[in-house]
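Positions are given from 1, in the same order as the sequence printed here. Below, all heavy atoms of this structure are taken into account, side chains as well, without hydrogens, waters or symmetry copies.
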Amino acid sequence: MLDSLDIKLLAALQQNSELTQSELSQKVNLSATQCARRLERLRNEQYIQGVVAILNPAKLGFTVVAHTLVSLRAHTEGGNEKLHRFIETAPEILECYSQTGDADFLMKVMTRDLDHLSLFLERMIRVTDNLALVKSSIVLRTLKKTTALPLQIVS
């Protein structure tokens, strides 16, 4: 079970994972030793899955974000396996969800430009060879983007 100090600790880490142990303990009003113990427990219990650097896509030349809906013609073991393997190995796919509704999958795809997106889509269609629908919507502007979970509602 998480208590309010665990929640404060996780919230502080979500905002800035580069805080020193001293800064983190001050933010959550714990001694450095208690903070370190709690942090270790949260890692061991997998509340913290990892710590990463969030890169600036525009600085690195990635200008196109597309949300792509994909549906399979038939749900066969081989067809599903080809698509799953493609999803796992395609670096352009940042997120992918199997879902209910009009399409089987929703992908968040990031590419350098529209030509790169076109090549990616052609590659996906060619490699998977079992797609009934591929429909992409291009993101015009990002209004909100976060990786932070809404911890204030957890209790």
Side-chain angles (χ1 to χ4, degrees), residues 1-4 6-19 23-24 27-28 38-155:
M1 291 293 292
L2 298 178
D3 64 19
S4 63
D6 291 331
I7 298 296
K8 284 181 183 178
L9 186 58
L10 291 171
L13 287 172
Q14 280 193 128
Q15 294 305 311
N16 184 357
S17 67
E18 292 184 322
L19 292 172
E23 292 168 331
L24 192 55
K27 274 202 174 285
V28 297
R38 282 178 180 264
L39 195 54
E40 182 67 22
R41 180 181 55 80
L42 292 168
R43 284 189 175 117
N44 289 339
E45 293 177 4
Q46 298 181 347
Y47 286 99
I48 300 170
Q49 292 181 327
V51 179
V52 298
I54 298 173
L55 305 180
N56 183 332
K59 285 276 197 188
L60 295 166
F62 293 95
T63 62
V64 174
V65 177
H67 295 137
T68 301
L69 295 170
V70 175
S71 287
L72 298 172
R73 258 187 267 147
H75 290 275
T76 64
E77 190 173 326
N80 288 353
E81 190 176 307
K82 281 182 184 178
L83 181 60
H84 289 189
R85 193 169 37 251
F86 179 81
I87 290 166
E88 291 169 7
T89 60
E92 296 91 345
I93 301 173
L94 301 183
E95 298 175 38
C96 182
Y97 303 94
S98 175
Q99 64 178 23
T100 63
D102 294 335
D104 298 319
F105 300 92
L106 171 62
M107 299 176 184
K108 179 180 177 184
V109 176
M110 186 171 291
T111 60
R112 295 192 179 280
D113 52 33
L114 290 176
D115 286 338
H116 183 184
L117 178 63
S118 178
L119 291 171
F120 162 79
L121 294 171
E122 289 171 11
R123 190 173 85 238
M124 180 174 60
I125 292 166
R126 185 179 64 252
V127 168
T128 57
D129 191 33
N130 184 31
L131 303 182
L133 167 81
V134 176
K135 182 177 178 181
S136 291
S137 296
I138 307 298
V139 172
L140 298 176
R141 184 168 39 130
T142 301
L143 301 177
K144 180 179 180 179
K145 181 178 179 180
T146 183
T147 60
L149 297 177
L151 294 178
Q152 66 275 11
I153 64 169
V154 176
S155 48

Write out all pairs satisfying side-chain hydrogen bond (donor to acceptor under 3.5 Å, both in side chains) with one or both partners inside residues 54-66, taking only residues at least two apart or from two chains. none

Can you sort out the partners of Asp3 under salt bridge (Lys or Arg N to Asp or Glu O under 4.0 Å), two or more places apart, ordered by chain and number? Arg38

What residues, two or more places apart in sequence or in another chain, satisfy side chain to side chain contact (heavy atoms under 4.5 Å, CB included) together with Leu42? Leu2, Asp6, Leu9, Leu10, Tyr47, Ile48

Rounded to the nearest 0.5 Å, what separates atom NE2 in His116 from atom CG in Asp113? 8.0 Å

Determine, stepwise, if the pair Leu69 / Val134 fulfils side chain to side chain contact (heavy atoms under 4.5 Å, CB included). CA-CA 6 Å; Leu69 295 170; Val134 176; over 6 Å; no

Show every ring-ring contact (aromatic ring centres under 6.0 Å, His included) that has at least one partner inside residues 121-141, sequence neighbours left out. none

When you measure from the side chain of Ser17 to the backbone of Leu13, do you find a donor-acceptor pair of N or O atoms at a distance under 3.5 Å? no

Given the rule in the side chain to side chain contact (heavy atoms under 4.5 Å, CB included) test, do Met124 and Glu92 qualify, once you have shown the distances and angles that lead to the verdict? CA-CA 11 Å; Met124 180 174 60; Glu92 296 91 345; over 6 Å; no

Where is the tightest heavy-atom contact between Thr111 and Val109, given as atom of each residue plus distance? CG2-CG1, 4.0 Å

Ser137: side chain to side chain contact (heavy atoms under 4.5 Å, CB included) partners, not counting sequence neighbours: none

Applying side chain to side chain contact (heavy atoms under 4.5 Å, CB included), can you list everything that pairs with Gln14, at least two apart in sequence or on another chain? Ala148, Leu149, Leu151

Considering all heavy atoms, the nearest Ser71-Ala103 contact: OG-CA, 3.1 Å

Least distance between heavy atoms, Lys82 atom then Thr128 atom: CD-O, 3.6 Å

Should Val52 and Thr147 count as side-chain neighbours, where that means a heavy-atom distance under 4.5 Å? no

Pairs meeting criterion salt bridge (charged side-chain N to carboxylate O under 4.0 Å, His left out) with involvement of residues 128-149, two or more places apart: none

Quick one: list whatever passes ring pair (Phe, Tyr, Trp, His ring centres under 6.0 Å) with Phe86, sequence neighbours left out. Phe120

Apply side chain to side chain contact (heavy atoms under 4.5 Å, CB included) to Leu94 and list each qualifying residue two or more places apart in sequence or on a separate chain. Lys108, Met110

Donor-acceptor pair, distance only, cut-off 3.5 Å: does the side chain of Asp104 make one with the backbone of Gln99? no

Partners meeting salt bridge (Lys or Arg N to Asp or Glu O under 4.0 Å) with Arg112 (sequence neighbours left out): none

Side-chain heavy atoms of His75 within contact of Asn80, under 4.5 Å: yes

CD (Glu45) with more than 12 external heavy atoms under 6.0 Å: yes

For the residue pair Val70 and Leu131, establish whether any side-chain heavy-atom pair is separated by less than 4.5 Å. yes

Holding to salt bridge (Lys or Arg N to Asp or Glu O under 4.0 Å), I want the full list of residues that pass it with Glu81, two or more places apart in sequence or in another chain. Arg85

Leu60 atom CG, over 12 foreign heavy atoms within 6.0 Å: yes

How would you list, by chain and number, every residue that makes a salt bridge (Lys or Arg N to Asp or Glu O under 4.0 Å) with Glu18, sequence neighbours excluded? none

